[in-house]
Amino acid sequence: MDPTVSKKQACFPIRVVMEMTNLTARQIRYYEEQGLIKPARNDGNQRMFSLEDIERFRLIKSYIERGINVAGIKTILATNVRDL
DNA sequence: TTTCTAACA
DNA sequence: TGTTAGGA
């Protein structure tokens with residue numbers, strides 16, 4: 001990246017994530033609550049989702065659609081990707 | 001107007 | 001998971 005030109009990456013409000021992932025706001029907040037994803041927070045404690053956050057939601061959604069529950073997804077993500 | 005948290009059906 | 005109350 002070029003710090004002299006950009007400091008902020010593309011982020012979107014929950015409404016955009018809802019449309020891009022076809023998940024409800026309830027699910028988006030619940031999956032975060034369960035530790036499946038950790039979106040950034042910007043102004044008044046509102047979630048700011050990056051493109052990578054949306055891609056992760058699509059992965060989470062694919063597991064849900066395959067009948068895997070939140071606990072199972074949490075295990076899968078924990079055994080494959082250990083991030084911050 | 002949109003989003004947030006907590007809590008109840 | 002849906003939905004609502006009450007607030008920022």
Side-chain angles (χ1 to χ4, degrees):
Chain A
M1 293 86 142
D2 189 328
T4 65
V5 175
S6 65
K7 185 178 293 250
K8 301 175 183 176
Q9 296 299 310
C11 285
F12 317 88
I14 195 168
R15 182 271 190 198
V16 175
V17 181
M18 289 171 68
E19 294 181 18
M20 295 182 86
T21 64
N22 289 303
L23 289 170
T24 64
R26 180 41 150 129
Q27 289 176 299
I28 293 169
R29 294 176 182 129
Y30 181 66
Y31 300 152
E32 178 198 8
E33 190 177 87
Q34 297 306 303
L36 269 42
I37 191 170
K38 318 102 183 112
R41 296 279 185 151
N42 214 53
D43 58 8
N45 204 38
Q46 294 184 195
R47 298 174 179 73
M48 298 304 276
F49 302 92
S50 68
L51 259 34
E52 295 191 9
D53 288 330
I54 291 174
E55 290 180 66
R56 175 165 297 199
F57 270 126
R58 295 185 61 166
L59 178 64
I60 292 170
K61 189 193 172 193
S62 71
Y63 288 131
I64 293 294
E65 295 178 318
R66 286 168 182 274
I68 301 173
N69 59 38
V70 176
I73 298 172
K74 198 193 289 187
T75 300
I76 293 172
L77 294 178
T79 56
N80 288 296
V81 178
R82 283 190 297 284
D83 51 271
L84 320 183

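So that the names make sense, note that chain A is the first sequence line, chain B the second, and so on, each numbered from 1.
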*asked:* Tell me the closest heavy-atom pair linking A:Thr21 and A:Phe57, and the distance in Å.
replied: CG2-CB, 3.7 Å
*Using purine N1 to pyrimidine N3 plus N6-O4 or O6-N4 for Watson-Crick, or N1-O2 and O6-N3 for G-U wobble, both under 3.5 Å, which nucleotide pairs with C:dA8?*
B:dT2
*Can A:Glu33 and A:Arg29 be counted as an ion pair, charged N to O under 4.0 angstrom?*
no
*Spacing of OH belonging to A:Tyr31 relative to NZ belonging to A:Lys61, to within rounding of 0.5 Å*: 10.0 Å
_Pair A:Val17, A:Asp53 - check side-chain contact (heavy atoms from CB on, under 4.5 Å), show working._
CA-CA 9 Å; A:Val17 181; A:Asp53 288 330; over 6 Å; no
*May I ask you to verify if any side-chain N or O of A:Arg47 is less than 4.0 angstrom from the OP1 or OP2 atom of B:dT3?*
no
*Which of these nucleotides, B:dA7, B:dT3, B:dC4, is closest to any side-chain atom of A:Arg41?*
B:dC4
*Mapping A:Ile14 and A:Glu33 onto DNA chain B by nearest heavy atom, which one lands closer to the 5' end?*
A:Ile14
*asked:* Using whole Å, what does the distance between atom C1' of nucleotide B:dT2 and atom CZ of A:Phe12 come to?
replied: 17 Å
*Most 5' of A:Tyr30 and A:Gly44 on DNA chain C, judged by nearest nucleotide*: A:Tyr30
*For A:Glu32 and B:dC4, give me the distance from atom CD to atom C1', rounded to whole Å.*
11 Å
*Heavy-atom donor-acceptor pair, A:Gln46 side chain to A:Asp43 backbone, under 3.5 Å*: no
*Boundaries of the DNA chain C segment in contact with chain A, non-hydrogen, under 4.0 Å*: C:dT1 to C:dT3
*Can you name the closest pair of heavy atoms from A:Arg56 and A:Leu36 and give their distance?*
CD-O, 3.4 Å
*asked:* More than 12 heavy atoms of other residues, nucleotides or ligands under 6.0 Å from CZ of A:Arg41: yes or no?
replied: yes
*Round to the nearest Å and state the distance from A:Asp43 atom CG to B:dC4 atom C1'.*
11 Å
*Taking the nucleotide of DNA chain C with the closest heavy atom to each, which residue, A:Ala25 or A:Gln46, is nearer the 5' end?*
A:Ala25
*asked:* Regarding A:Arg29, tell me which of base, sugar-phosphate or nothing describes its non-hydrogen contacts under 4.0 Å with the strands shown.
replied: base
_Euclidean distance, atom CZ of residue A:Arg26 to atom C1' of B:dT3 [Å, nearest integer]_ = 15 Å
*Quick one: A:Asn45 CG to B:dT2 P, roughly how many Å, whole number?*
19 Å
